[in-house]
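This report refers to the structure that appears directly beneath it.
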Amino acid sequence: MDWKDTLNLPKTEFPMKGNLPKREPEILKKWEDINLYEKLREERKGQEKYILHDGPPYANGNIHLGHALNKILKDILVKYESMRGKDAPFVPGWDCHGLPIEQQVEKQLKKEKKRKEDLSKSEFRKLCRDYASKYVNIQREEFKRLGIVGNWEKPYLTMRPSYQAQEIRELGRIFSSGIAYRGKKPVYWCIYDKTAEAEAEVEYKDKKDPSIYVAFELVEPPFDIHKKSYAVIWTTTPWTLPANLGIMVNPDFDYVFIDTGEKVFIVAKELLENFKEKTGIEGDILKEVKGRELEFLEYKHPFIDRVSKIYLSEFVELGTGTGLVHMAPGHGQEDYIIGQRYGVQPFAPVDDEGRFTQEAPDFIQGLRVFDANAPIVDKLKEVGALLYHEEIVHSYPHCWRCKNPVIFRATPQWFISMDAILENGNTLRGEAIKEIERVKWIPDWGENRIKSMVENRPDWCISRQRSWGVPIAVFYCKNCGETVNDPEVFEHVAKLVENDPYGADIWFEKKPEELLPEGYRCPKCGSDRFEKEEDILDVWFDSGVSHSSVLKTGFWEELRWPADMYLEGSDQHRGWFQSSLLESIASYGRSPYNSVLTHGFILDEKGRKMSKSVGNVIPPEKVIKMYGADILRLWVVSEDYTEDIKIGMNLLKGIADDYRKIRNTFRYFLGNLYDFDPNKDNVSYDNLLEIDRWILSRLQRIIDVSHSAYQNYRFHRIYHEIKKFMIVDLSAIYLDILKDRLYVYAPDTLERRSAQTVLYVMLTSLSKLLAPILSFTMEEVWSYVKQFDKNAKESIHLEIMPLVNQDLIDKNLEEIYKDLLKVRDDVLKALEEARKKDVIRHPYEAKVILDLPEKYENLLKERIDWIKFFFTVSQVEISKKTEGEVVIEGENTGGVVAVKKAEGQKCPRCWIYDSSVGKNGQPVCDRCVQQLEIMKIDINQIEEAK
């Protein structure tokens, strides 16, 4: 036996290296084997529910870092609420319909030299379903690998028949409330995908376009002017001129008539100089009038035999142009609104592919709209109507899917009216704004963002001209044209969809009479001949009804409506948050959520957007293969995720270093608890050593801060506070001081058991606080806790979070230690000087002499019997004679610290220098003699003692 064999050196099989890429899949398997999700449901049955409703990612391609960020944040929140004792189920979902999937299937068909048109709708829909299913399964495994705990066996899919059936019921409710209408009005239209688009599906990018000033001749010069007069408009979309049905002016602006000699031009007074500068046209002001005086003046179209009028509009501004705006109600939202006011119907001589129809002039028929710009400009030049032409680059709406420019085009579509009156007498817009003000938005700027969007948004276009989606389940009477708006019919169709294995496919396969209730007749004219709507619902309606299809139907017993939380990227203020809000208010009179949390987007280390073309995209699986999912989870909480957050290999390396420090702290805990039974060896608070009571008091603050940070969604604060506590308070101070006590004292002594009691509290408290974040590592830690604590649950995620124990908070003791640590810092500085000067190599070789102000001196004198362990030196003396090889003034205390060689010999067992070593042939210090006696070890049996 050697001296080291008599010490209680740490023992644990908990590895120093995480080796997470290998170990995490083993933990995932364990969770599957014990069915952790179901276990949680059983454990929390009957407790207060916490419902975070998952916004469905799109089932198209592998997951990216944005998906990982989103799902990890959700998982952290759900796990925390669950460990608070709440019943916090999580049902993940997928958005399965829509254009991107159709496009992928069409690409596949092209490779096989087939055309979509050669397939029936059902055959095409089957291919889309298979494609979506494939990526649901791929993404499911990728999300599980991140450590997300949820009902993966029964997720929600927007293509599931029960989901589609509920969507049709919701559509029926919208129709019953009277706010759905069919109208011909301009909507965003993608000429490449040949479908209407929602506002949320449009992104703005720079585009080069012609900028032209065009003169429209008035039928008769007004105000006793005897020369030909022209209203001058400016536009960047010459292709919309064939649809011109009016000119708009602001009633309150001043307009001037400029006499150029031959002709008179009308422009806004404020823009006159700009107009002259651009066109080079000079002239004197002949007359000045208010815009309202121009109302109903007639003008001739420059190249179409058509007379139109000037109308008043509050939308006309003085930022650019001439203050007179060309009005095409078939190609612009504001133009449409003014057109409706004056009874001007929208006109758009453009087909689904953006080609001009036979209603357009001969010279552009068959051309695509953007290709028609040049011939229209040439025609204007030819007829003398073009005053100025240049090319400009400006911000223009583009399709978020195919990245091509979109157009505004009036087509017959189904809309949900924002301003129709609901049952309670308010409008959908008004109710939405009231609910926005009630909901809690995190960060709080989200409220103003979504509010301004709802205040200004047009009616919601819910129809799409595609195949892969849920049908707008309405019928039209062939005899009188009546739209069937009957709750009984919607319910009948919903049941057919619900009971069909392929859900909504039935709509496209069956005839109207097979889909309607038997013997159904038109409520208006009694006819039994109907046709069905072929358009499908906007995918934003699809996902917008998830609150009802998922939370309300009872298909998932663990859920309830409304949700406590929706959590998505900040782009969803204009997407899912809004569509869910509007649909829920229209159907149920309130928001489907009580709070909404948004996160930012992911940038590379240089702050650039992730982009394949830049080559800075990092797939989650690359990080997982290199570091493990827990490093990705730690990255998620390393910064304030409500803003854009950076990622890169250098950042991840830093996070992996932090992880190692955290892991090693837990290894220290476990290594020193190998012989501790918390049910037997626990020391009561009153009997704990003072320093142990101090660190327990400090721990309460960490518990308090962590709960506050979790509840206020400031996850980065938990990470930084716990990391600081582990590195500063624990590793650098408490655990460093503790080593001597843990190793040297006999196993059952108060000194050792007191330390172990506190280590056990630290271990269980900190592992639980970190479990929602470092889910795999804390589960691994817990598997070792279970070896010595028989009361520990099967998984750490089944445990309950530690709460602040007010009885353990000792503010007075914390103040004392604040001062003691100031002294310690001065001592450590002096020891470092002594080490540099080769006076000592190890702190145990030192004797420290301190001359301190009275406050500090008294604190030390009260603790003189053990203060040397606090400084990790062999001897401490308090004296006015501070002599030694190193003498420094203490920066923190204003005292003097001297360091000299310790007296006596080094104890071979505890390494402390003591005058009792070697006295009367005694091989170790008095303290070690005493401990060996308690342990019943005969010194003479130790090899080194011989």
Side-chain angles (χ1 to χ4, degrees), residues 1-11 671-672 675 683 688-692 733-756 759 820 823-824 827-828 830-831 834-835 839-850 860-879 883-886 897-946:
M1 186 187 272
D2 292 332
W3 291 121
K4 73 172 180 353
D5 300 326
T6 70
L7 298 171
N8 315 297
L9 295 175
K11 278 184 218 162
N672 288 291
D675 62 340
V683 175
L688 291 175
L689 271 59
E690 182 189 78
I691 192 170
D692 297 336
I733 303 169
Y734 181 69
L735 300 182
D736 192 42
I737 293 165
L738 219 53
K739 281 176 189 168
D740 176 86
R741 219 187 331 151
L742 288 164
Y743 301 173
V744 174
Y745 285 84
D748 264 335
T749 52
L750 173 66
E751 288 85 354
R752 189 153 176 278
R753 293 304 191 202
S754 174
Q756 285 182 313
L759 286 186
L820 286 174
V823 183
R824 187 174 187 266
V827 168
L828 292 181
L831 290 172
R835 198 185 58 74
V839 177
I840 59 167
R841 278 172 302 175
H842 189 283
Y844 279 168
E845 293 174 18
K847 176 179 181 175
V848 174
I849 300 111
L850 298 158
L860 260 61
K861 279 180 175 170
E862 287 164 18
R863 295 161 179 82
I864 201 69
D865 57 335
W866 64 267
I867 202 70
K868 64 183 179 185
F869 300 114
F870 188 69
F871 299 143
T872 56
V873 295
S874 284
Q875 288 125 27
V876 174
E877 189 184 314
I878 296 167
S879 168
E883 294 168 356
E885 284 89 338
V886 169
V897 184
V899 178
K900 57 162 71 168
K901 274 276 192 191
E903 294 154 8
Q905 293 179 45
K906 178 182 177 181
C907 172
R909 183 170 180 271
C910 71
W911 295 7
I912 294 273
Y913 284 74
D914 197 277
S915 53
S916 63
V917 180
K919 193 170 67 178
N920 303 325
Q922 181 181 303
V924 289
C925 66
D926 286 347
R927 179 178 66 145
C928 283
V929 169
Q930 186 190 10
Q931 297 307 313
L932 289 166
E933 281 172 6
I934 295 169
M935 293 158 76
K936 297 186 170 53
I937 292 173
D938 182 354
I939 288 177
N940 299 317
Q941 290 177 347
I942 293 165
E943 286 296 317
E944 292 163 308
K946 297 172 190 173

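Basis for what follows: all heavy atoms, side chains included, without hydrogens, waters or symmetry-related copies. If you read the sequence from its start, that first residue is 1, and numbering goes on from there.
- The distance from atom CE of Met935 to atom SG of Cys928, rounded to the nearest 0.5 Å, is 9.5 Å.
- At least one side-chain heavy atom of Val848 sits less than 4.5 Å from a side-chain heavy atom of Val897.
- Between the CH2 atom of Trp911 and the CD atom of Glu845 there is a distance of 10.5 Å, given to the nearest 0.5 Å.
- For Trp866, the CH2 atom counts as densely surrounded, since its 6.0 Å shell holds more than 12 non-hydrogen atoms of other residues, nucleotides or ligands.
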Legend entry - Verdict with reasoning, Val744 to Leu7, per side chain to side chain contact (heavy atoms under 4.5 Å, CB included): CA-CA 6 Å; Val744 174; Leu7 298 171; 4.3 Å; yes

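- Of the inter-residue distances, the one linking Arg909 atom CZ with Leu932 atom CG reads 4.5 Å to the nearest 0.5 angstrom.
- Taking the side chain as every heavy atom from C-beta outward, Asp914 and Arg927 never approach each other to under 4.5 Å.
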Inset, instruction - Determine, stepwise, if the pair Gln931 / Cys910 fulfils side chain to side chain contact (heavy atoms under 4.5 Å, CB included). - result: CA-CA 11 Å; Gln931 297 307 313; Cys910 71; over 6 Å; no

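- In this structure a side-chain-to-backbone donor-acceptor pair under 3.5 Å is present from Gln756 to Asn672.
- A donor-acceptor contact shorter than 3.5 Å links the side chain of Gln875 to the backbone of Glu903.
- In this structure, Ser916 contributes its side chain and Asp926 its backbone to a donor-acceptor pair below 3.5 Å.
- A 4.5 Å side-chain heavy-atom check between Asp748 and Ile934 finds every atom pair outside the cut-off.
- Across all non-hydrogen atoms, the minimal contact from Pro843 to Leu831 is CB-CD1, 4.2 Å.
- Between Asp675 and Arg752 there is a salt bridge, since at least one side-chain N of the basic residue sits less than 4.0 Å from a carboxylate O of the acidic one.
- Taking the side-chain contact (heavy atoms from CB on, under 4.5 Å) definition, one finds that Asp5 meets it with Met1, Asp2, sequence neighbours left out.
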Legend entry - Evaluation steps, side chain to side chain contact (heavy atoms under 4.5 Å, CB included), between Arg741 and Ile691: CA-CA 12 Å; Arg741 219 187 331 151; Ile691 192 170; 3.4 Å; yes

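- For the pair Leu759/Leu742, a side-chain contact is recorded, criterion being any heavy-atom separation below 4.5 Å from C-beta on.
- Proximity of Lys906 to Tyr844: side-chain heavy atoms (C-beta onward) are nowhere separated by under 4.5 Å.
- Residues Glu885 and Lys901 are not paired through a salt bridge, judged by the lack of any N-O separation under 4.0 Å between the basic side chain and the carboxylate.
- Looking only at side-chain heavy atoms (C-beta outward), Tyr743 and Pro10 come within less than 4.5 Å of each other.
- Considering OG1 of Thr872 and CG of Asp740, their distance stands at 9.5 Å, rounded to 0.5 Å.
- Note that CD1 of Ile840 is 10.0 Å distant from OH of Tyr913, once rounded to the nearest 0.5 Å.
- Looking only at side-chain heavy atoms (C-beta outward), Phe869 and Leu738 stay at 4.5 Å or farther from each other.
- The side-chain heavy atoms of Leu689 and Leu750, taken from C-beta on, include a pair separated by under 4.5 Å.
- Under 3.5 Å, the side chains of Asp692 and Tyr734 contain a donor-acceptor pair of N or O atoms.
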Legend entry - Residues Val924, Trp3; criterion side chain to side chain contact (heavy atoms under 4.5 Å, CB included); working and verdict: CA-CA 10 Å; Val924 289; Trp3 291 121; 3.5 Å; yes

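- A distance of 6.0 Å separates CG in Leu860 from CG in Leu850, rounded to the nearest 0.5 Å.
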